[in-house]
Amino acid sequence: MTGLIELGNLAAVILFILGLKRLSSPATARQGNLFAAAGMGLAIVLALAIPLPDGGDNNYLWILAALALGSVIGIVSSKRVAMTAMPQMVSIFNGLGGACAVAISVVELMKYQTMESVPMGEHVTTLFAMFVGAVAFTGSILAYLKLDGKVNDNKLKIPAPTVVNMTLLAAILAGIAFRTLMPGEPIYWAFVVMGISLIYGVTFVVPIGGADMPVVISLLNALSGVAGALAGVVYDSQVMLVGGILVGASGTILTVLMCEAMNRSLWNVIVGGFGGSTTGAAASGDQTITEISTSDAAILMGYSESVVIVPGYGMAVSKAQNEAHELEKILESRGVRVRYAIHPVAGRMPGHMNVLLAEADVSYDKLLDLEDANNALASTDVAVVIGANDVVNPAAKEDKGSPIYGMPILDILQARQTIVMKRSMRSGYAGIENPLFYHQKNRMLFGDAKDTLSKLVAEVKNLG
Amino acid sequence: MTGLIELGNLAAVILFILGLKRLSSPATARQGNLFAAAGMGLAIVLALAIPLPDGGDNNYLWILAALALGSVIGIVSSKRVAMTAMPQMVSIFNGLGGACAVAISVVELMKYQTMESVPMGEHVTTLFAMFVGAVAFTGSILAYLKLDGKVNDNKLKIPAPTVVNMTLLAAILAGIAFRTLMPGEPIYWAFVVMGISLIYGVTFVVPIGGADMPVVISLLNALSGVAGALAGVVYDSQVMLVGGILVGASGTILTVLMCEAMNRSLWNVIVGGFGGSTTGAAASGDQTITEISTSDAAILMGYSESVVIVPGYGMAVSKAQNEAHELEKILESRGVRVRYAIHPVAGRMPGHMNVLLAEADVSYDKLLDLEDANNALASTDVAVVIGANDVVNPAAKEDKGSPIYGMPILDILQARQTIVMKRSMRSGYAGIENPLFYHQKNRMLFGDAKDTLSKLVAEVKNLG
Amino acid sequence: MDFLAEFLQANMTMIYVLILAIYLGLELISKVPTVLHTPLMSGSNAISGVVVIGAIILVRSVESNDYLALSLGFVGCTLGMINVVGGHAVTNRMLEMFKKRK
Amino acid sequence: MDFLAEFLQANMTMIYVLILAIYLGLELISKVPTVLHTPLMSGSNAISGVVVIGAIILVRSVESNDYLALSLGFVGCTLGMINVVGGHAVTNRMLEMFKKRK
Amino acid sequence: MIFGILTEQQDSRVAMVPATAKKMIAAGHEVWVEPGAGALAFYSDQDYQAAGVKLVNAKGILAGAEAIVSHNPLSESLMAQLAPGRILISMFSPRSNPAVKEQFASSNLLAFSMDMIPRSSLAQSMDVLSSMASLAGYRAVLLAATHLPGYFPMLMTAAGTIPPAKVLVLGAGVAGLQAIATSRRMGARVEAFDVRAAVKEEVESLGAKFIEVAGATEDKGAGGYAVQQSEEYQQRQRELIHDHASKCDVIITTANIPGRKAPLLIEQRTVEAMRAGSVVIDLASATGGNCALTQDGHTIRHGGVTIIGDSNLTMGMPRDASLLYANNVWSFVDFTFKKGKDQIDFSHEIVASTFLGQVPQPA
Amino acid sequence: MIFGILTEQQDSRVAMVPATAKKMIAAGHEVWVEPGAGALAFYSDQDYQAAGVKLVNAKGILAGAEAIVSHNPLSESLMAQLAPGRILISMFSPRSNPAVKEQFASSNLLAFSMDMIPRSSLAQSMDVLSSMASLAGYRAVLLAATHLPGYFPMLMTAAGTIPPAKVLVLGAGVAGLQAIATSRRMGARVEAFDVRAAVKEEVESLGAKFIEVAGATEDKGAGGYAVQQSEEYQQRQRELIHDHASKCDVIITTANIPGRKAPLLIEQRTVEAMRAGSVVIDLASATGGNCALTQDGHTIRHGGVTIIGDSNLTMGMPRDASLLYANNVWSFVDFTFKKGKDQIDFSHEIVASTFLGQVPQPA
Ligand SMILES: NC(=O)c1ccc[n+]([C@@H]2O[C@H](COP(=O)([O-])OP(=O)(O)OC[C@H]3O[C@@H](n4cnc5c(N)ncnc54)[C@H](OP(=O)(O)O)[C@@H]3O)[C@@H](O)[C@H]2O)c1
Ligand SMILES: NC(=O)c1ccc[n+]([C@@H]2O[C@H](COP(=O)([O-])OP(=O)(O)OC[C@H]3O[C@@H](n4cnc5c(N)ncnc54)[C@H](OP(=O)(O)O)[C@@H]3O)[C@@H](O)[C@H]2O)c1
Ligand SMILES: NC(=O)c1ccc[n+]([C@@H]2O[C@H](COP(=O)([O-])OP(=O)(O)OC[C@H]3O[C@@H](n4cnc5c(N)ncnc54)[C@H](O)[C@@H]3O)[C@@H](O)[C@H]2O)c1
Ligand SMILES: NC(=O)c1ccc[n+]([C@@H]2O[C@H](COP(=O)([O-])OP(=O)(O)OC[C@H]3O[C@@H](n4cnc5c(N)ncnc54)[C@H](O)[C@@H]3O)[C@@H](O)[C@H]2O)c1
């Protein structure tokens with residue numbers, strides 16, 4: 001019996017592994033999530049079924065009630081939450097996981113009180129589980145508050161955070177050591193450790209900029225993984241152990257990757273300070289622009305129905321026409337409809353874009369002139385601007401004051417989403433600001449058009 | 001003490017893992033091999049150092065002598081062997097590994113005779129180790145003989161091989177079962193099992209075509225990995241266990257990959273029959289051509305000093321000029337010197353190639369005319385023919401009888417290595433056979449030029 | 001020191017499991033594209049909810065009159081379950097966009 | 001059947017090691033390019049020489065007058081060592097061509 | 001409003017084409033065209049009628065049309081027949097002959113000169129100079145290719161290898177850029193030179209090589225136009241150009257400085273240093289030419305070199321030239337007379353810069 | 001051997017160029033050229049001398065040269081002055097006028113007709129037809145572009161969008177393919193048609209669309225040349241071509257059937273269905289033309305359509321035409337007279353097919 005259950009648990013672990021594996025590639029991600037979920041379901045069932053070493057009176061009612069309650073809350077809240085608020089949600093969930101770890105370790109610790117001799121290894125593990133769980137708990141909650149803008153970086157500050165944190169950390173470790181070495185002492189010492197841990201969770205997150213919260217959450221997630229693993233040791237359950245470790249490990253590397261993605265080191269994220277500015281949204285004057293990574297851009301296009309490419313002088317400068325054609329072809333091969341919107345004055349001479357695109361052997365039938373383009377754009381998912389500026393400047397439509405007011409432009413804001421590739425925020429020929437860049441529908445993809453495009457092509461290929 | 005040694009072993013295992021990982025990418029492969037070797041060295045040292053549970057009198061002299069002897073033989077033979085004979089070498093080595101497993105299991109089995117009660121688990125494991133080792137041993141040796149042409153597929157045959165093999169297998173398993181269930185019986189039963197195993201190794205390989213030997217070797221390699229793992233269980237040594245398993249697993253998947261690479265299923269390789277023809281060397285009339293995979297071609301070019309591209313009508317037909325240019329650029333970015341050799345009558349109209357390459361924006365300075373090309377080719381590593389045929393037909397130089405005898409051609413056989421991309425063995429405009437294709441310097445890369453080239457570009461990118 | 005060596009020898013296999021699992025963890029997602037960072041995080045977060053197993057076993061093993069433990073365990077189960085179920089559900093929603101078009 | 005269950009429970013951790021190791025083995029080389037097939041085979045073949053460890057331990061543990069065992073062990077050590085050393089050496093030669101040009 | 005179009009004198013183009021007329025009519029205007037006006041540009045009277053145009057003879061148009069559109073200014077005699085307040089839309093090139101300014105100042109006609117459209121992004125749809133320059137640039141290359149005694153593109157054939165023709169473009173404005181693009185397309189090696197450094201990037205964006213001469217004077221105030229250069233700069237420039245020019249098969253010059261004589265870029269010695277069979281196309285001939293030997297409107301032979309001086313290449317492509325001109329005019333008209341001809345905003349840059357004569361005082 | 005080159009009569013080309021002469025001299029031959037022979041092709045006497053050529057007047061050449069190389073056959077009068085056994089290398093086009101065969105059969109001159117070189121891979125370096133056809137195909141496009149009243153390439157400008165010109169190429173031999181390639185380069189949309197199905201692939205390899213007519217008769221024996229087609233096939237063909245032709249701006253026809261009248265592909269009604277301003281270039285005019293209205297050597301206007309009948313376009317590019325011809329001749333000479341003029345292997349395909357007259361019996 002138990003042997004089979006053990007096998008079942010093994011199966012669950014394998015499901016976790018496969019799940020994670022699949023979660024890391026767009027084509028299989030959804031499946032991966034289901035795998036993991038299945039594994040979890042299996043593990044839970046087995047946990048209910050497995051015969052306990054020392055009998056025990058099961059209390060199935062309590063458990064089932066709790067599980068039911070949890071499931072309902074989980075489902076509902078996840079349905080309710082807005083797409084944009086997802087990360088916050090994740091962070092809360094993670095916190096709860098941590099809390100769960102705390103709860104059970106507390107019970108364990110109290111149990112130890114009643115035993116005459118406490119196995120040292122088990123004791124220390126439990127204490128660590130509690131510690132880690134606690135940090136994950138309060139940390140995640142604060143992360144959530146920050147993400148949700150409920151707590152403002154500038155409002156909530158602590159002096160010399162690094163010092164404070166180190167001190168707290170030291171205190172906690174000391175506490176754990178003390179507790180394990182003289183388990184005879186009254187239980188509340190354990191709770192003191194717990195208390196400090198909870199505080200530490202807060203002080204750990206406080207100094208980190210709101211924009212860096214995703215990284216923090218990922219880190220805390222790894223922590224709660226570890227907590228799970230530790231608990232696994234306590235209950236010597238391989239599922240918990242391996243599952244926890246997997247999360248711990250992958251969570252850690254994921255955190256690192258996230259930092260790399262916004263080219264910073266994990267360390268300078270944690271000691272915080274200059275969080276924010278360099279990432280996500282960048283401020284220029286009062287308005288802010290939002291950048292997008294090539295791979296996100298690739299997904300966006302790769303999974304869209306229709307894309308319109310808007311070439312401009314920048315494409316000419318970086319001689320990116322062949323790459324543009326590449327992108328067109330690979331998108332088409334994914335069933336995306338791709339066309340080019342040619343503005344009559346794009347470039348620096350009449351027909352500039354025509355010459356270049358013809359050179360890249362782009363079919364004439366894919367070229368839309370101003371009028372057709374503006375009709376097509378309304379039903380376009382993604383409009384990709386390759387080094388164009390003036391010809392897509394909404395000011396020509398909206399801003400009576402603008403020197404180009406009245407000039408017909410490609411109204412790409414009709415598209416669901418716009419991406420602008422250029423090297424900087426510099427202006428174009430007409431030398432005027434372009435509100436498009438700051439529009440919330442728009443994402444900036446900085447860099448030389450040729451490079452950016454070839455990266456993009458590679459990424460789209462990866463979508464598989 | 002032992003604790004640390006255990007840690008050391010763990011380190012060894014990790015080195016194995018990293019080694020395998022690195023071995024699977026061209027850029028890190030050499031390093032990977034060193035990692036693995038280091039791990040092995042460590043493991044051996046530790047094996048010498050680890051204190052034995054029940055004393056034992058070490059016999060270091062014997063061991064060191066053996067190790068020294070083995071090392072010398074290993075080094076020397078590996079230095080001696082010709083580049084082309086490598087696979088044979090590997091297969092021998094693998095055989096020896098198997099033999100080693102047999103040797104020790106025999107000793108173990110004899111030891112059991114002296115004990116009053118034999119732990120069943122251990123016994124069965126040892127027997128299996130012996131079995132697997134034996135198969136790996138004789139199998140590899142035969143594989144070697146076949147690869148080396150010392151044994152000819154057509155000479156050595158057995159009737160209804162599948163039947164024979166199944167029977168032998170059954171016999172072996174029965175033998176093992178019998179042996180473990182009544183260990184009281186005289187020892188020679190064990191040797192009977194061994195004998196049959198050795199025979200099975202032979203009968204297993206006999207029906208498989210010589211061209212499929214690499215696959216077989218890889219498979220046997222996986223087997224000896226398993227043998228090692230089993231031995232590991234016997235001596236409960238984690239290094240042997242994990243190391244063996246790793247080899248077993250990766251060896252298996254590698255075998256599968258190899259089959260895929262020559263698009264066949266492992267199964268139809270093993271039941272054999274139509275081995276050969278579809279793979280490696282293909283026969284046309286009396287002469288044989290040799291194919292090359294895109295990734296091998298990519299390596300060849302990616303790690304060469306200079307490449308000359310010879311475009312022909314085929315490039316025009318598949319409109320592959322842009323891909324050709326792609327290839328040129330990515331090779332150049334790796335520091336390879338790339339030029340194009342334009343034959344005056346390549347294509348179907350004067351200047352056909354010029355028109356196309358200009359369209360792909362290939363710089364004029366990279367184009368060599370007949371004369372310059374033939375000078376350049378002498379110092380070229382790889383000459384890549386993209387859909388050309390008549391213009392690189394050596395018959396024009398060598399075969400007085402040929403209708404094109406006397407026509408000046410691109411003498412690409414001056415290059416160290418030539419690769420010809422075309423869709424089939426069909427002839428070109430002049431409708432005559434091309435000896436180039438059968439030259440031992442030449443490799444065929446079949447498929448539409450455009451597709452082939454873009455695959456090639458991808459592969460070169462992967463070289464990293 | 002000595003204690004450590006002891007420990008090591010005792011739990012060597014366990015340690016192997018750890019090491020292998022960790023390496024696997026790293027290996028598995030080493031090539032995840034940026035877009036998947038958040039979903040992946042969310043997904044693995046859901047997995048980190050395995051602690052719920054602990055909570056379950058705990059509740060099962062305590063006496064049915066030890067209400068403090070029970071209620072704590074109950075809370076544990078609930079929270080853990082939220083983490084698990086909610087986590088997977090949210091992840092699933094995040095991944096909607098990857099539905100293959102045919 | 002029952003025996004099996006017993007066995008499973010006894011060696012569960014071991015089994016985990018197995019499974020994880022196997023999966024890792026698959027995962028590690030799943031993306032190896034064709035050119036590396038032979039070198040990789042040769043390399044892992046060298047690793048499969050770990051059996052030599054067994055041979056060593058064996059020889060160390062037999063009495064120094066049990067010549068049959070000793071000589072068999074000796075043979076084992078030698079063969080295993082050939083496999084290991086030769087294997088790595090050959091692999092290294094195969095990989096010559098991947099020397100980075102600077 | 002009623003727009004009248006007469007047959008141009010010694011010009012193959014026509015100032016209005018059916019397609020554009022259709023748009024104007026749709027916008028509520030009337031368009032009168034003199035029968036046969038479009039013949040040389042391949043627009044038949046039927047085409048016009050089909051577009052809703054009224055065919056009216058010259059007399060009728062001069063009498064009835066509120067605005068008269070043309071490429072070339074009307075002759076004195078014709079203008080004399082016009083009633084006061086009539087509108088003239090044409091290319092009066094006041095830069096090269098300032099006289100017209102006075103003329104209209106004293107007359108009571110409202111004249112708008114299309115060649116004075118500012119070169120701003122906003123006004124580009126009315127920018128006749130661009131449309132015409134781009135046509136000229138394109139055609140210059142055709143002309144060069146036809147006069148060259150050999151191939152433009154590189155050709156490696158069984159009968160020997162023909163190297164690509166070397167083309168040098170002087171002055172990389174609209175015409176120059178178009179010439180570069182076209183030559184490149186046809187497979188030539190192209191080098192270009194211009195005083196405006198900004199052009200370098202534009203030239204390279206078309207795959208041509210830019211010849212740099214250090215120390216050019218630029219004047220942002222000139223609205224993208226070139227300004228007079230220092231003497232010793234010009235010296236250095238001439239040397240450099242001489243070196244490059246003497247090595248090439250085709251030279252296309254488009255260098256202009258509005259309102260002044262075209263800069264001299266190719267001296268006689270340069271021409272004489274060129275290989276026999278080479279061709280020089282001088283688009284600046286109207287303003288004196290960029291080549292010392294250019295004779296405006298003539299094709300001459302100096303040694304082995306053919307020199308073509310022609311600033312009216314667009315006449316060789318009357319169909320598209322007319323189409324583009326008509327569209328430019330329509331954009332201008334639509335912009336200027338939107339509120340009716342009595343509601344013209346003379347203060348707006350576009351109107352101000354094109355308008356000749358004095359602003360009518362609202363009665 | 002001594003090779004003599006005279007000034008061609010009403011032809012701008014010359015049969016030998018300095019570069020090639022140099023090679024011949026290096027190979028031990030002598031080359032005599034009449035002073036001024038290369039002038040129209042932009043090869044000066046100095047160039048020849050620099051290459052080691054001897055400048056000899058016509059009289060001297062006729063008297064002393066063992067072989068006389070020319071584009072066009074010598075006039076009767078000149079030939080009369082040649083001593084027996086002299087060699088003539090030229091384009092006698094025996095296919096179109098078989099008379100020459102008799103003429104030489106009766107004379108005692110050895111005449112080799114370069115236009116009879118077999119179209120084999122081996123002989124391609126001597127294949128004059130290819131070299132000339134390719135020049136003609138290229139130049140035909142230039143001509144078409146210059147006569148078209150509008151742009152070739154597509155242009156989306158502020159003054160409106162110009163659609164790409166549509167070019168139809170009939171007959172996709174060497175000339176046709178070159179025409180296709182060139183038109184494509186210049187940005188036109190190209191369609192092509194040929195009776196030989198093999199050509200389809202070649203046409204598409206150049207990015208043009210191939211118009212297919214089912215059921216063409218092919219004759220492999222014709223060595224890649226086209227053969228006479230069945231009447232109803234031609235009917236179907238004409239219909240199809242009519243449809244496509246009437247939709248396009250430029251038609252370039254190169255359809256030839258060696259030794260016969262060129263096939264009629266464009267009928268009058270088709271021309272009349274074409275848009276005003278369109279251009280037809282008929283390279284087959286010499287053999288009667290592919291267009292019903294073609295007048296050989298003339299440029300006519302039918303309705304709005306310009307029709308140019310010219311089979312000698314190569315004369316417009318004398319420099320390269322001469323160069324390629326000279327190289328072809330040199331390859332032929334080097335192949336045929338390697339062992340000296342008395343050791344000619346008349347049995348070899350190349351010699352046999354080019355040789356006119358009867359084989360001299362070895363004494
Ligand atoms: N068509 C004509 O005949 C003609 C003639 C003359 C002038 N113009 C004027 O030119 C303008 C054309 O508009 P447009 O939108 O095509 O061009 P634009 O407004 O000049 O904008 C071009 C943009 O491309 C970006 N860019 C430059 N190099 C790049 C590179 N290597 N990689 C990526 N981005 C690059 C620049 O931003 P970064 O510097 O930040 O990269 C610049 O903002 C109009 O104002 C038009 O009036 C047209
Ligand atoms: N240049 C001229 O003016 C001219 C004119 C007429 C004739 N020719 C003759 O044409 C020949 C030119 O020689 P060449 O070597 O360039 O061409 P070729 O000898 O005709 O050989 C072309 C080769 O390309 C291969 N091919 C065709 N389509 C392909 C595709 N999509 N992908 C990959 N390969 C493809 C074909 O083999 P598969 O079918 O097996 O793929 C064929 O063997 C000479 O004989 C020349 O005399 C030249
Ligand atoms: N804003 C717009 O949309 C728009 C549209 C068309 C043109 N423009 C601008 O108008 C300006 C003039 O264009 P254009 O084609 O009418 O110019 P142009 O015809 O007046 O002159 C042609 C070129 O000759 C160059 N030149 C003058 N003197 C020279 C010398 N000594 N040596 C070499 N080159 C010399 C000029 O710099 C110019 O580039 C350009 O900057 C062009 O970009 C702007
Ligand atoms: N072997 C070589 O290297 C080589 C070199 C040059 C040419 N060739 C071959 O020589 C052959 C003739 O070439 P060419 O350019 O001298 O041909 P050509 O000048 O004799 O005729 C031109 C084209 O007109 C086509 N044509 C004839 N009748 C037609 C009709 N009724 N409708 C449409 N098209 C018609 C012919 O098929 C030919 O393609 C071609 O096959 C060419 O490939 C071979």
Side-chain angles (χ1 to χ4, degrees), chain A residues 16 20-21 23-24 26 29-30 33 36-37 40 43 47 52 56-59 62-63 66-67 69-71 73-75 77-78 86 89-90 93-94 96-97 99-101 103-104 107 218 221 224-225 228 231 235 237 240 242-243 245-247 249-251 253-254 258 261 293 295-296 299 303, chain C residues 18 21-22 24-26 28-30 32-61 63-64 69-70 72-95 97-98 101:
Chain A
F16 289 162
L20 278 173
K21 173 75 183 166
L23 262 170
S24 63
R30 315 189 71 230
N33 185 41
M40 190 60 75
L52 297 175
D57 19 8
N58 284 330
N59 315 306
W62 288 81
I63 299 177
L67 296 186
L69 178 58
S71 313
I73 300 179
I75 295 282
S77 46
S78 64
M86 292 280 180
M89 204 71 229
V90 175
F93 288 152
N94 188 49
L96 300 187
C100 171
I104 58 180
V107 178
S218 168
N221 171 36
S224 49
Y235 295 100
S237 143
M240 287 174 77
V242 181
I245 292 296
L246 284 174
V247 174
S250 56
I253 192 98
L254 179 56
M258 282 176 153
S293 71
S295 57
D296 291 13
I299 299 281
Y303 286 93
Chain C
L18 284 184
I22 290 175
L24 204 52
L26 307 185
L28 279 175
I29 68 156
S30 51
V32 59
T34 333
V35 258
L36 282 176
H37 283 176
T38 318
L40 180 56
M41 175 172 82
S42 166
S44 64
N45 163 50
I47 298 182
S48 76
V50 269
V51 286
V52 76
I53 304 286
I56 294 174
I57 298 179
L58 174 101
V59 177
R60 283 185 58 197
S61 51
E63 282 86 34
S64 39
L70 273 180
L72 270 172
F74 179 87
V75 175
C77 283
T78 319
L79 298 183
M81 203 58 182
I82 296 179
N83 185 0
V84 172
V85 177
H88 284 300
V90 166
T91 314
N92 201 44
R93 272 192 65 190
M94 288 184 187
L95 295 171
M97 71 168 294
F98 294 112
R101 268 182 293 88

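Protein chains get the first letters and strands the later ones, always in sequence-line order, with residue 1 at the start of each.
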Report summary line: For A:Asn94 and A:Ser224 the tightest heavy-atom approach is OD1-OG, 2.8 Å

**Report entry** Candidates C:Leu58, C:Ile56, C:Val59 - the one meeting side-chain contact (heavy atoms from CB on, under 4.5 Å) with A:Asn59
**Finding:** C:Val59

**Report entry** Side chain, backbone, both or neither of C:Ala69 within contact of chain A (heavy atoms, under 4.5 Å)
**Finding:** both

Query raised in the report: Is it the backbone or the side chain of C:Val75 that comes under 4.5 Å from a heavy atom of chain A, or both, or neither?
Result: neither

Tell me, side chain or backbone of [X] under 4.5 Å from chain C's heavy atoms, or both, or neither?
X        : result
A:Met89  : side chain
A:Met240 : both
A:Ile245 : side chain

Query raised in the report: Considering residues at least two apart in sequence or located in another chain, which fulfil the side chain to side chain donor-acceptor pair (under 3.5 Å) criterion with A:Ser293?
Result: A:Ser295, A:Asp296

Please identify, among [options], the residue contributing the most non-hydrogen atom pairs under 4.5 Å to chain C.
options                               : value
A:Ile75, A:Ile253, A:Val247           : A:Val247
A:Ala36, A:Ala101, A:Gly225           : A:Ala36
A:Gly251, A:Ser237, A:Cys100, A:Ala99 : A:Cys100

Which one, [options], leads in non-hydrogen pairs under 4.5 Å with chain A?
options                            : answer
C:Asn45, C:Leu28, C:Leu79          : C:Asn45
C:Gly54, C:Gly80, C:Gly49          : C:Gly54
C:Ile82, C:Ile53, C:Val90, C:Val85 : C:Ile82
C:Ala21, C:Ser64, C:Gly87          : C:Ser64

**Report entry** From CA spacing to verdict: side-chain contact (heavy atoms from CB on, under 4.5 Å), C:Phe74, A:Ile63
**Finding:** CA-CA 7 Å; C:Phe74 179 87; A:Ile63 299 177; over 6 Å; no

**Report entry** A:Leu246 vs A:Leu20, side-chain contact (heavy atoms from CB on, under 4.5 Å): CA-CA, chis, key distance, verdict
**Finding:** CA-CA 9 Å; A:Leu246 284 174; A:Leu20 278 173; 4.0 Å; yes

Requested in this report: Say whether, by atom type as modelled, one donor and one acceptor occur between the side chain of C:Arg93 and the main chain of A:Ser78 under 3.5 angstrom.
Outcome: yes

Query raised in the report: Between the main-chain N or O of C:Ile47 and the side-chain N or O of C:Ser44, is there a donor-acceptor pair closer than 3.5 Å?
Result: no

Going by atom type alone, with no hydrogens or angles, which donor-acceptor pairs under 3.5 Å involve a side-chain atom of residues 36-43 of chain C and a protein atom two or more places apart or on another chain?
from	atom 1	to	atom 2	distance (Å)
C:Ser42	OG	C:Thr91	OG1	2.6

